Peer 1: 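This is the structure I want to talk about, given as structure tokens.
Whatever order the structure lists ligands and atoms in, that order sets their numbers, starting from 1. Please read all numbers here as calculations on a predicted model, not as lab measurements.
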Amino acid sequence: MRILIVEDEINLAEALSRLLEAQHNLVDTVYNGTDGLAYALSMQYDIIVLDVMLPGKDGYEIVRSLRAAHVQTPVLMLTAKDDLKSKIAGLDSGADDYMVKPFEPEELIARIRALSRRQGNIVLEELCFDDLILNLSTYDLICKDKSVRLGFKEFGVLKILMSNSRIITSKEELISKIWGIDSNAEDNNVEAYISLLRKKICYLNSRVIISTIRKVGYRLEISYDKETEK
Ligand code: CA
């Protein structure tokens, strides 16, 4: 994960940075609010660990500015004040979690892990099935060192098959999800896209195949023969 630490107590900031780097994170550390906001706006972080009392801008101000700029990175606030009022102020400003100093380093690690999991549920970037990876933002279909870009409808069909890889997907379901229930699309529209996808998957030398289950629909399967052929 890429983590930003904004903390003006240099010893604490550096101890946190070492701890998080030891857990294989990439960490940027800044020591005042102005730099904190500038870094948080210019770089894509997975988590921001943010002190409340900072020179330049305070933590509440920074979170409010980030949320106003539609930056939704989870923020874990750190503060020395353990009164209820400052806790409410932190969460009101848009922070996701709150820790009172002093805290145990293990607790910070656990809270960061929990926040990143929450984030992980929202941002799903790839779907995988055996040796195939479908990138959901670029529409690239990847197998080992080869990749192809899928068209909009090809992507839609394969995304549904990869999301439901344990079950058979009917042609009617593909038509209603991709062309719309009221469309004039017919079975042969689906067949045409399945055929295009098969060619692309074959080009990638993947061992995944789109099987036709007669009169029912399609399902992804793994061809083990194909692997031994190679
Ligand atoms: Ca401080």
Peer 1: Knowing that exactly one of I168, I160, L174 qualifies, which makes a side-chain contact (heavy atoms from CB on, under 4.5 Å) with Y218?
Peer 2: L174
Peer 1: By residue and atom, what protein N/O/S atoms are less than 3.0 Å from the Ca ion (ligand 1)?
Peer 2: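 Within the sphere that stays under 3.0 Å of the Ca ion (ligand 1), the protein atoms of type N, O or S are D8 OD1, D51 OD2, M53 O.
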Peer 1: Do you know which of L20, D46, L19 makes side-chain contact (heavy atoms from CB on, under 4.5 Å) with N25?
Peer 2: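 Single side-chain contact (heavy atoms from CB on, under 4.5 Å) partner of N25 among L20, D46, L19: L20.
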Peer 1: Starting at CD of E7, measure out to CD of E14 and round the result to the nearest 0.5 Å.
Peer 2: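 Reported to 0.5 Å precision, the distance equals 11.0 Å.
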Peer 1: Is any side-chain N of the basic residue among K171 and E191 closer than 4.0 Å to the acidic one's carboxylate O?
Peer 2: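 Counted as a salt bridge, because a side-chain N and a carboxylate O are separated by less than 4.0 Å.
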Peer 1: Would you call E221-R219 a salt bridge at under 4.0 Å N-O?
Peer 2: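 Between R219 and E221 there is a salt bridge, with a charged N closer than 4.0 Å to a carboxylate O.
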Peer 1: Ion pair present between R67 and D96, side-chain N to carboxylate O less than 4.0 angstrom?
Peer 2: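 Result for this pair is yes, salt bridge flagged.
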